[in-house]
Amino acid sequence: MVFVALIAFVAHLLLNNLFIESITVNQLIYSYVVNVILACGVIILLFALRNKLKDQLGFIFMAASMLKFVFFFFLFFPQYKADGVLTRLEFLTFFIPYVICLITESVILSKFLNRLDNLKP
């Protein structure tokens with residue numbers, strides 16, 4: 001998870017530098033760190049609940065993904081909207097790491113759930 005996010009961060013940073021009106025490095029770092037921490041938290045949560053709520057793990061994953069998006073409105077949106085305008089670059093600063101972490105998280109959890117299904121007697 002962290003390795004994929006790190007590669008995406010470097011690519012995002014390089015692409016960001018091509019734009020005249022770019023996002024600060026601190027904003028990118030903050031966005032990637034928050035998204036990676038939340039994604040790792042979801043993976044740990046589902047791993048911890050794998051025996052108790054095995055049949056509900058998919059719903060828990062969907063709810064956790066929605067909660068991660070809610071974090072955007074509390075952590076990022078006020079800062080981006082402070083000047084009255086949410087630019088495309090500001091939105092992508094949150095959305096790209098969100099999607100990268102969501103895809104990576106989905107792949108990891110898909111493999112994890114497939115292993116759980118294979119362990120059924």
- Using side chain to side chain donor-acceptor pair (under 3.5 Å) as the criterion, list what pairs up with Tyr32, not counting sequence neighbours.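 Partners of Tyr32 under the side chain to side chain donor-acceptor pair (under 3.5 Å) test: His12.
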Can you get from [X] to [Y] by hopping between Ile, Leu, Val, Met, Phe, Trp and Tyr side chains that sit under 4.5 Å apart?
X: Val33; Y: Leu28; result: yes
X: Val10; Y: Val4; result: yes
X: Phe61; Y: Leu45; result: yes
X: Ile29; Y: Val99; result: yes
X: Val107; Y: Leu109; result: no

- Query: When you measure from the centre of the six-membered ring of Phe91, is the NZ or CZ of Arg88 under 6.0 Å away and within 45° of the axis?
  - Reply: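 Verdict for Phe91: no cation-pi partner in Arg88.
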- Item | Heavy-atom pair of closest approach, residues Phe94 and Lys68 |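 Taking every non-hydrogen atom into account, CZ-O, 4.2 Å.
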- Query: Which atom names give the shortest non-hydrogen contact between Ala64 and Val42, and what distance separates them?
  - Reply: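 Looking at all heavy atoms of both residues, the closest pair is CB-CG2, 3.5 Å.
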Spacing of [atom1] belonging to [X] relative to [atom2] belonging to [Y], to within rounding of 0.5 Å:
X: Leu92; Y: Tyr98; atom1: CG; atom2: OH; value: 14.5 Å
X: Leu67; Y: Met62; atom1: CG; atom2: CE; value: 12.0 Å
X: Ile108; Y: Ile43; atom1: CD1; atom2: CD1; value: 4.0 Å
X: Cys101; Y: Ile37; atom1: SG; atom2: CD1; value: 10.5 Å
X: Glu105; Y: Ser65; atom1: CD; atom2: OG; value: 5.0 Å
X: Leu57; Y: Phe112; atom1: CG; atom2: CZ; value: 6.5 Å

- Query: Within a radius of less than 6.0 Å around CZ of Phe47, do more than 12 heavy atoms belonging to other residues, nucleotides or ligands occur?
  - Reply: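 At most 12 heavy atoms, drawn from other residues, nucleotides or ligands, come within 6.0 Å of this atom.
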- Item | Any donor-acceptor N/O pair, Ser31 side chain to Gln27 backbone, under 3.5 Å |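 No, because the side chain of Ser31 does not come within donor-acceptor range (under 3.5 Å) of the backbone of Gln27.
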- Item | Test side-chain contact (heavy atoms from CB on, under 4.5 Å) applied to Val34 - qualifying residues, sequence neighbours left out |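 Val34: side-chain contact (heavy atoms from CB on, under 4.5 Å) contacts with Tyr30, Leu38, Leu75, Phe76.
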- Message: Other members of the hydrophobic cluster containing Phe3, with the 4.5 Å side-chain heavy-atom rule, please.
- Response: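 Listed partners: Ile7.
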